[in-house]
Protein chains: 2
Amino acid sequence: MAKDYSLNEVQVSMSPGERFEEYLQSRGMRQTQQRRALLELVFSRHEHFDADTLIEQLPAHGESNHVSRPTVYRTLNEFVDAGLLRRFSLAGRSVYEHDYGYPEHDHLYCEKCQRLIEFQSEELTRLRDQVAAENRFRISGHRLIITGRCESCSRTPRRTKRKQDRI
Amino acid sequence: MAKDYSLNEVQVSMSPGERFEEYLQSRGMRQTQQRRALLELVFSRHEHFDADTLIEQLPAHGESNHVSRPTVYRTLNEFVDAGLLRRFSLAGRSVYEHDYGYPEHDHLYCEKCQRLIEFQSEELTRLRDQVAAENRFRISGHRLIITGRCESCSRTPRRTKRKQDRI
DNA sequence: ATCATTGCAAAAGATTTGCAAGGTC
DNA sequence: GACCTTGCAAATCTTTTGCAATGAT
């Protein structure tokens with residue numbers, strides 16, 4: 001299910017931390033405890049996450065390395081700005097994933113277990129470029145989400161009624 | 001820019017109104033002034049819209065055929081449920097478009113003028129089905145959004161800094 | 001010392017919900 | 001008349017912001 005990260009890794013010269021440091025310096029911004037803690041947490045694993053999930057995984061309010069909610073949001077925006085993370089909207093909220101050093105890919109989204117499964121397709125890139133050319137459109141990116149049920153959830157009876165999905 | 005609706009129209013036996021009526025009856029729900037007004041407005045033109053835009057286009061508070069905000073949201077959910085409208089998330093809010101009787105398509109999204117341009121691609125459907133098959137994934141639908149700049153916005157200098165997009 | 005950053009509280013934007021009054025079948 | 005719907009107000013959820021205190025360079 002999870003893609004083989006190393007096989008398709010894009011060549012990068014800096015670690016996410018180094019790249020972020022450069023980003024901060026170039027803008028007169030500062031290294032802080034909070035930014036370091038979040039960078040570490042975010043790049044400690046390769047998963048999709050939203051702001052709330054990230055906050056849950058942070059040390060609790062009061063413990064060291066805790067980061068307040070507004071700062072989490074602020075820093076996620078910085079990561080996106082710095083090209084470290086990519087963001088997209090799913091079911092009404094923002095979902096984040098690694099961007100820096102990670103190959104372009106798209107997703108299968110299981111409406112039952114809510115899991116995102118990655119896949120890569122060069123054909124899609126070609127198709128995308130062709131459509132854009134036909135429409136004289138200057139591409140900055142794309143996002144394909146195929147919705148449905150993953151293999152294991154297909155074996156299960158119909159899902160129970162849940163809050164309507166807003167893809 | 002706008003697709004030729006009639007050329008690719010899917011064969012349908014009922015009008016949106018008839019279909020919605022059937023949906024209501026089958027669930028013991030009622031025809032109301034508000035549902036009629038919204039159905040009429042929504043199917044009077046083929047455009048993408050969000051709840052707020054729709055509300056702006058409704059008769060003002062006090063005039064006949066006005067519909068309250070909560071009822072607009074409730075009814076949009078019903079339209080989606082009834083298969084009349086399709087919904088997706090763009091820049092943090094829900095966008096709606098005709099579904100019933102309208103062919104499957106995808107979008108180019110101009111980050112500058114925020115316009116959605118439709119396109120159809122059978123190749124994409126094939127690609128999607130193939131990816132799903134490879135992952136033993138049972139498809140219910142998909143959504144491809146190509147972001148960038150439309151032709152006319154490409155001729156313009158860089159866009160001014162705006163609230164970050166959350167595709 | 002200067003100026004960016006944080007946390008708090010509060011605001012803001014989108015959407016939903018409880019409930020009493022009103023409308024539809 | 002039964003019971004679904006509406007509108008209002010208020011709640012909820014996600015994300016942002018003003019501002020005084022704190023921290024980084």
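Order of the sequence lines sets the chain letters (A, B, ...), proteins ahead of strands, with each chain counted from 1.
Side-chain contact check for A:Ser140 and B:Glu111: at least one donor-acceptor pair (N or O, by modelled atom type) lies under 3.5 Å.
B:Arg35 comes within contact range of the sugar-phosphate backbone alone, with a heavy-atom separation under 4.0 Å but no base atom that close.
Ring pair A:Tyr96/A:Phe49 is parallel by interplanar angle, where below 30° counts as parallel and above 60° as perpendicular. Using bins of under 30°, 30° to 60° and over 60° for the plane-to-plane angle, the ring pair B:Tyr23/B:Phe20 lands in the parallel bin.
Closest to the side chain of B:Arg74, out of D:dG18, C:dA9, C:dT17, is C:dT17. Here C:dC25 is the nucleotide among D:dT25, C:dC25, C:dA14 with the atom lying nearest to any side-chain atom of B:Gln31. Comparing D:dT15, C:dA4, C:dC25 against the side chain of B:Arg30 picks out C:dC25 as the nearest.
Atom CG in B:Leu24 sits about 15 Å away from atom C1' in C:dG23, given to the nearest Å. Between B:Tyr23 atom OH and D:dT5 atom P the separation is 10 Å, expressed in whole Å. When the P atom of D:dT14 is taken as reference, atom OH of A:Tyr96 falls 12 Å away, rounded to whole Å. Remark: C1' of C:dG23 and CZ of B:Arg36 are 11 Å apart, rounded to the nearest angstrom. Atom CG of B:Leu76 is separated from atom C1' of D:dT5 by 16 Å (rounded to the nearest Å). Atom CD in A:Glu56 sits about 14 Å away from atom C1' in D:dT14, given to the nearest Å. When rounded to the nearest whole Å, the span between CZ of A:Arg69 and P of D:dT14 equals 8 Å. Rounded to an integer number of Å, the gap from CD of B:Gln25 to P of C:dT24 is 15 Å.
Considering only side-chain N and O atoms, B:His61 lies under 4.0 angstrom from the phosphate OP1 or OP2 of D:dC8. Contact between the side-chain N/O atoms of A:Asn77 and the OP1/OP2 oxygens of D:dT16 is found at a separation under 4.0 Å. When the side-chain nitrogen and oxygen atoms of B:Ser94 are compared with OP1 and OP2 of C:dA14, none of them lie within a distance under 4.0 Å. The shortest distance between the side-chain N/O atoms of B:Thr32 and the OP1/OP2 oxygens of D:dC4 is not below 4.0 Å. Within the structure, a side-chain polar atom (N or O) of B:Tyr73 is placed less than 4.0 Å from OP1 or OP2 of C:dT15.
Crowding of B:Gln57 atom CD: a count of heavy atoms from other residues, nucleotides or ligands under 6.0 Å exceeding 12.
The residue among B:Gln34 and B:Asp50 whose nearest nucleotide of DNA chain C lies closer to the 5′ end is B:Asp50. Comparing B:Met29 and A:Ser68 against DNA chain C, the residue whose closest nucleotide sits nearer the 5' end is A:Ser68.
Looking at A:His48, A:Arg87, A:His46 one by one, the single match for side chain to side chain donor-acceptor pair (under 3.5 Å) with A:Glu97 turns out to be A:His48.
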